[in-house]
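This report concerns only the one structure given below.
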Amino acid sequence: MIREHHFDSSREAAEALAGVVADRLRSRLARRERAVLVVSGGTTPIPLFRSLRQEELPWGRIVVTLADERWVPLDHEDRNERLVRTELLVDRAAEARFVGFVTTAATPEEGAELSERNLAPLQPFDVVVLGMGTDGHTASLFPHAPGLEGALDPASRRTCTVVDPPAAP
């Protein structure tokens with residue numbers, strides 16, 4: 001069922017979404033020892049991260065990982081891990097465990113294989129929050145990007161793949 005929600009501000013929407021995410025994590029933690037939260041990068045989730053990190057949760061039982069990552073150095077401003085570490089994994093959420101994507105491999109393809117192995121024990125994911133870029137991309141699935149067809153192939157068993165969009169190398 002699809003429900004429409006209206007908010008007077010983006011801050012109000014972020015706070016409401018943080019409440020929903022927190023409730024879903026609590027529900028999962030009532031049945032399991034750990035919960036896995038998957039988030040996207042970019043600028044749109046920052047208000048959500050700032051609200052969510054204030055939620056009273058057993059953060060030490062929560063694992064946070066990414067829906068996508070850029071193949072750039074850890075300290076690069078476009079790195080999603082950097083954003084998550086500075087905007088989400090602080091305050092109360094500092095106790096959460098973070099599982100990032102491997103970038104020490106020689107190529108993005110090798111890194112995707114390593115990341116896939118690191119993420120396998122975390123599945124199934126409990127809460128996934130995706131955003132959408134102004135060009136319509138989500139989770140690094142950029143329109144018309146080389147590698148997009150393979151990434152969207154329902155027959156593929158891959159959970160990590162490489163997409164190299166010209167708009168966001």
Side-chain donor/acceptor pairs under 3.5 Å, residues 114-123, sequence neighbours excluded:
residue, atom, partner, partner atom, Å
Ser115, OG, Val102, N, 3.0
Ser115, OG, Gly111, O, 3.0
Glu116, OE1, Arg158, NE, 2.7
Glu116, OE1, Arg158, NH2, 3.2
Glu116, OE1, Thr159, N, 3.3
Glu116, OE1, Cys160, N, 3.3

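Put simply, CG on Leu25 and CD1 on Ile62 are 4.5 Å apart, with the number rounded to the nearest 0.5 Å. In this structure, CH2 on Trp71 lies 8.5 Å from CD on Glu109, to the nearest 0.5 angstrom. Here Leu48 contributes atom CG and Ser40 contributes atom OG; the two are 10.5 Å apart, rounded to the nearest 0.5 Å. Remark: Glu69 CD to Phe101 CZ distance equals 7.0 Å, nearest 0.5 Å. Atom CD in Glu113 sits 8.0 Å away from atom OG1 in Thr107 (nearest 0.5 Å).
In this structure the side chain of Ile46 reaches within 4.5 angstrom of the side chain of Leu83, judged on heavy atoms. Counting heavy atoms from C-beta outward, Arg34 and Val63 have side chains that approach closer than 4.5 Å. Looking at heavy atoms from C-beta onward, Arg26 lies in side-chain contact with Asp23 at the 4.5 angstrom threshold. The closest side-chain heavy-atom distance from Val72 to Glu77 is not below 4.5 Å. Put simply, the side chain of Pro146 reaches to within 4.5 Å of the side chain of Pro166, judged on heavy atoms. The shortest side-chain heavy-atom distance between Leu29 and Pro58 falls under the 4.5 Å cut-off. With contacts defined as side-chain heavy-atom distances shorter than 4.5 Å, the pair Ser51/Glu15 qualifies. Between Val129 and Val38 the shortest side-chain heavy-atom distance does not fall below 4.5 Å.
Under the 4.5 Å side-chain heavy-atom criterion for Ile, Leu, Val, Met, Phe, Trp and Tyr, Val128 and Phe49 are members of the same hydrophobic cluster. One hydrophobic cluster, built from ILVMFWY side chains closer than 4.5 Å, holds both Leu130 and Val21. Side-chain heavy atoms closer than 4.5 Å link hydrophobic residues (I, L, V, M, F, W, Y) into clusters, and following such links, possibly through other members, connects Val84 to Leu57.
When every heavy atom of Gly131 is checked against every heavy atom of Thr138, the shortest pair comes out as O-OG1, 2.7 Å. Taking each heavy atom of Arg28 and Ala35 in turn, the nearest pair found is CG-CB, 4.0 Å. The minimum heavy-atom distance between Phe98 and Leu89, with the atom names listed, is CB-CD1, 3.6 Å. Minimum interatomic distance between Ala16 and Phe7 (heavy atoms only, all atoms of both residues): CB-CE2, 3.5 Å.
The salt bridge (Lys or Arg N to Asp or Glu O under 4.0 Å) test with Asp126 singles out one residue from Arg61, Arg31, Arg32, Arg24, and that residue is Arg32. With Leu52 as the partner, the side-chain contact (heavy atoms from CB on, under 4.5 Å) test is satisfied by one option alone out of Val39, Leu88, Val64: Leu88. Among Leu148, Val162, Asn80, Asp68, the single residue meeting the side-chain contact (heavy atoms from CB on, under 4.5 Å) criterion with Ser140 is Asp68.
Salt-bridge formation is detected for the pair Arg50/Glu87: a Lys NZ or Arg NE/NH1/NH2 atom is positioned less than 4.0 Å from an Asp or Glu carboxylate oxygen.
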Note to self: Using side chain to side chain contact (heavy atoms under 4.5 Å, CB included), reason through Asp91 and Gln54 one step at a time and then give a plain yes or no.
What the structure shows: CA-CA 7 Å; Asp91 299 329; Gln54 300 300 327; 2.6 Å; yes

Next item on the list: Please lay out, stage by stage, how His137 and Leu141 fare under the test side chain to side chain contact (heavy atoms under 4.5 Å, CB included).
Entry: CA-CA 5 Å; His137 84 272; Leu141 301 171; 5.8 Å; no

Notebook entry, point to check: Checking salt bridge (charged side-chain N to carboxylate O under 4.0 Å, His left out) for the pair Arg92/Glu55: CA distance, chi angles, key distance, verdict?
Noted result: CA-CA 7 Å; Arg92 290 181 173 145; Glu55 288 285 337; over 6 Å; no

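Between Arg82 and Thr86, the side chains place no donor N or O within less than 3.5 Å of an acceptor N or O (distance only, hydrogens not considered).
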